[in-house]
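Everything on this sheet refers to the single structure shown next.
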Amino acid sequence: MENRTYTADAEPGDHVTVAGWVHEIRDLGGIAFLILRDKSGKIQIKFEKDEMDEDLVETGLGVHRESVISVTGDVEEEERAPTGVEMLPESIDVLNEADAELPLDPSGKVEAELSTRLDNRTLDLRKEEVKAVFEIRAEMLRSVREYFRDIACTEINTPKIVATGTEGGTELFPITYFGEEAFMNQSPQLFKQLMVGSGLERVFEIGPIFRAEEHNTPRHLNEATSIDFEAAFTDHQEAMDVCEGAVKAAYRGIAENCERELEALGFEDFEVPEEDFPRLSYEEAIERVNATGELDTQLVYGDDLSTEAEKALGQDVGGHYFVTDWPSEIKPFYIKDHEDDESLSTGFDLMHPRLELVSGGQREHRYDELIEGFKQQGLDPDAFEYYTKMFKYGMPPHAGFGLGAERLLMTILGLENIREAVLFPRDRQRLSP
Ligand code: AMO
């Protein structure tokens with residue numbers, strides 16, 4: 001729209017055209033106010049009924065809330081106005097009138113269930129605190145991208161329609177691809193590994209992953225966003241350094257660039273984790289969980305960390321921490337075992353006190369050992385020939401990780417439900433919008 005001014009930029013003395021949504025109309029009798037909202041904020045528009053053109057007053061005050069209008073007029077200083085300025089309208093254009101009844105109240109005065117909010121995301125995101133979540137999400141991804149660029153990684157995009165899965169057969173979404181069975185990709189795992197053997201060496205990808213999990217929990221999605229890193233000539237310790245760096249970069253970016261959004265979400269002070277994330281071995285983690293006395297049944301070596309165990313450990317540690325040196329059989333075929341102890345893997349998880357954020361590790365780059373790993377996991381190596389054969393043509397040692405973007409955002413902002421971190425979540429009940 002030509003000559004449109006954002007409400008936040010309207011200064012006393014200006015003659016401007018603003019455009020946005022009718023947030024509220026307050027009619028006090030002789031005087032009335034229309035609050036107009038746009039991406040940048042709000043502005044008060046004053047109607048002095050006796051002194052203004054009747055049609056103008058009627059148009060401005062007769063319009064339904066949430067209608068889209070543009071207003072042209074002078075901006076004046078007004079201490080009593082919420083933003084310290086107000087506009088005196090000369091002309092008003094109703095660009096699109098909204099229905100009188102709305103399925104959701106964007107002013108937030110009437111609270112709505114999460115499912116109603118998700119059904120009406122457009123209206124939901126007119127709320128300052130909901131919009132803030134997605135402005136922060138954008139900043140989180142921007143700062144993570146910048147971090148990866150700064151450590152010489154190249155951003156890649158890999159296929160989401162694939163012939164085989166990698167993260168366990170039961171969690172695949174099958175699709176039909178020109179009469180052939182295909183799947184939605186669970187992880188860019190194999191593709192990102194193939195790229196460390198290419199001339200790119202160090203890569204990252206931010207993209208969708210698809211998991212046909214039966215879980216219907218506040219921490220699982222069926223379509224999530226994974227922040228993947230993979231680099232040649234890197235071991236699992238260095239991959240953990242990068243992982244910690246990426247998470248801290250996300251916090252820092254938000255702290256530096258999202259002051260207004262954090263305020264809208266009620267943060268009085270926003271803490272950026274500064275200390276090193278401790279690295280606990282799986283064995284230490286098990287001992288520490290058992291020592292908390294929080295579990296009904298003690299964990300034994302070889303158990304995966306249950307949700308209760310993660311919670312107990314999270315409370316005990318009190319901040320982010322890595323769990324390293326997992327028993328080999330718990331970790332997938334592409335993770336390398338320790339050379340001096342094959343019962344232990346180089347796989348690691350990064351935990352937030354609330355939940356797991358990351359899985360990663362050093363990868364098996366030796367052809368024969370890789371084929372053996374497929375067989376041990378009950379997978380047919382022939383089905384992965386496109387991947388395995390590249391390990392015969394000069395595949396460097398490498399490591400990487402996958403970081404769940406929604407889980408990261410959820411933990412940074414303390415969101416209760418992962419669905420609040422996605423515009424249009426996909427879960428067991430939800431396929432639209
Ligand atoms: P993993 O399966 O552990 O590892 O996934 C990595 C991270 O992705 C996020 N995540 C999910 N988030 C929401 N809903 C889900 N259903 C979901 N599934 C996963 C989590 C998890 O920690 N290929 C490996 C990564 C690697 O080794 O590089 C992998 O996919 O935050």
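Whatever order the structure lists ligands and atoms in, that order sets their numbers, starting from 1.
Using a 4.0 Å cutoff on heavy atoms, S226 does not count as a contact of ligand 1. Not a single heavy atom of L408 lies less than 4.0 angstrom from ligand 1. H215 does not count as a contact of ligand 1, since none of its heavy atoms falls under 4.0 Å from the ligand.
One finds the CD1 atom of I69 at 8.0 Å from the CG atom of L95 (value rounded to the nearest 0.5 Å).
Aromatic ring centroids of Y177 and F183 lie 6.0 Å or more apart. Aromatic ring centroids of F374 and F384 lie under 6.0 Å apart. Aromatic ring centres of H236 and H338: separated by under 6.0 Å.
Residues V196 and R202 have side chains not in contact (no heavy-atom distance under 4.5 Å, counting atoms from C-beta outward). Counting heavy atoms from C-beta on, the side chains of E406 and E223 never come closer than 4.5 Å. Side-chain contact between N222 and R430 is absent, with no heavy atoms from C-beta onward closer than 4.5 Å. With contacts defined as side-chain heavy-atom distances shorter than 4.5 Å, the pair K109/E24 qualifies. With contacts defined as side-chain heavy-atom distances shorter than 4.5 Å, the pair F210/Q186 does not qualify.
Of all the atoms in ligand 1, the ones that sit under 4.0 Å from a non-hydrogen atom of I418 are 13 (C). Within ligand 1, the atoms closer than 4.0 Å to a non-hydrogen atom of H220 are 14 (N), 16 (N), numbered from 1 in the order shown. Counting the atoms of ligand 1 from 1 in the order shown, those under 4.0 Å from a heavy atom of Q189 are 23 (N), 24 (C), 25 (C), 26 (C), 27 (O), 28 (O). Every atom of ligand 1 is numbered from 1 in the order shown, and the set under 4.0 Å from a heavy atom of A224 is 12 (N), 13 (C). Set against the non-hydrogen atoms of S187, the atoms of ligand 1 under 4.0 Å away are 23 (N), 30 (O). Applying the 4.0 Å criterion to heavy atoms of R219 picks out, from ligand 1, the atoms 13 (C), 14 (N). Every atom of ligand 1 is numbered from 1 in the order shown, and the set under 4.0 Å from a heavy atom of R363 is 26 (C), 27 (O), 28 (O). Atoms of ligand 1 found under 4.0 Å from any heavy atom of K192, numbered from 1 in the order shown, are 26 (C), 28 (O).
Residue nearest to atom 30 (O) of ligand 1, selected from R211, Q186, H352, M410: R211 (by heavy-atom distance).
For atom 9 (C) of ligand 1, the closest non-hydrogen atom of the protein is G404 CA, 3.6 Å. The single protein non-hydrogen atom nearest to atom 15 (C) of ligand 1 is L221 O, 3.5 Å, given as residue, atom name and distance. In this structure, the protein non-hydrogen atom closest to atom 12 (N) of ligand 1 is R407 NE, 3.6 Å. Here the protein heavy atom with the shortest distance to atom 10 (N) of ligand 1 is I209 CD1, 4.2 Å. With hydrogens left out, the protein atom closest to atom 22 (O) of ligand 1 is E356 OE2, 2.5 Å, a heavy atom. Counting only heavy atoms of the protein, atom 29 (C) of ligand 1 lies nearest to E167 OE1, 3.5 Å.
Side-chain N/O atoms of E205 and N157 include no donor and acceptor closer than 3.5 Å. In summary, the side chains of R137 and T225 do present a donor paired with an acceptor at a separation below 3.5 Å, with no hydrogens or angles considered.
F148 pairs by the ring-ring contact (aromatic ring centres under 6.0 Å, His included) definition with F204, F229, not counting sequence neighbours.
At least one N/O-N/O distance between L357 and ligand 1 falls below 3.5 Å. Remark: ligand 1 and E230 share no N or O pair separated by less than 3.5 Å (distance only, no angle test). Backbone and side-chain nitrogen or oxygen atoms of G400 are examined, and none is located within less than 3.5 angstrom of a nitrogen or oxygen of ligand 1. Between G402 and ligand 1, at least one N/O pair is under 3.5 Å apart. For the pair E213 and ligand 1, the shortest N or O to N or O distance falls below 3.5 Å.
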Sequence neighbours left out, cut at 3.5 Å: what donor-acceptor pairs do the side chains of residues 307-316 make with other protein atoms?
from	atom 1	to	atom 2	distance (Å)
E310	OE1	R219	NH1	3.4
D316	OD2	R288	NE	2.8

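Residue contacts with ligand 1 for Y334 involve side-chain atoms from C-beta outward but no N, CA, C or O (heavy atoms, distance under 4.0 Å). At a 4.0 Å heavy-atom cut-off, ligand 1 does not touch I335 at all. By the criterion of a heavy-atom distance under 4.0 Å, both the backbone and the side chain of S359 are placed next to ligand 1.
A cation-pi contact links K248 to F277, judged by a cut-off of 6.0 Å to the six-membered ring centre and 45° from its axis. Judged by the 6.0 Å distance and 45° axis criteria, R279 is positioned over the aromatic ring of F322.
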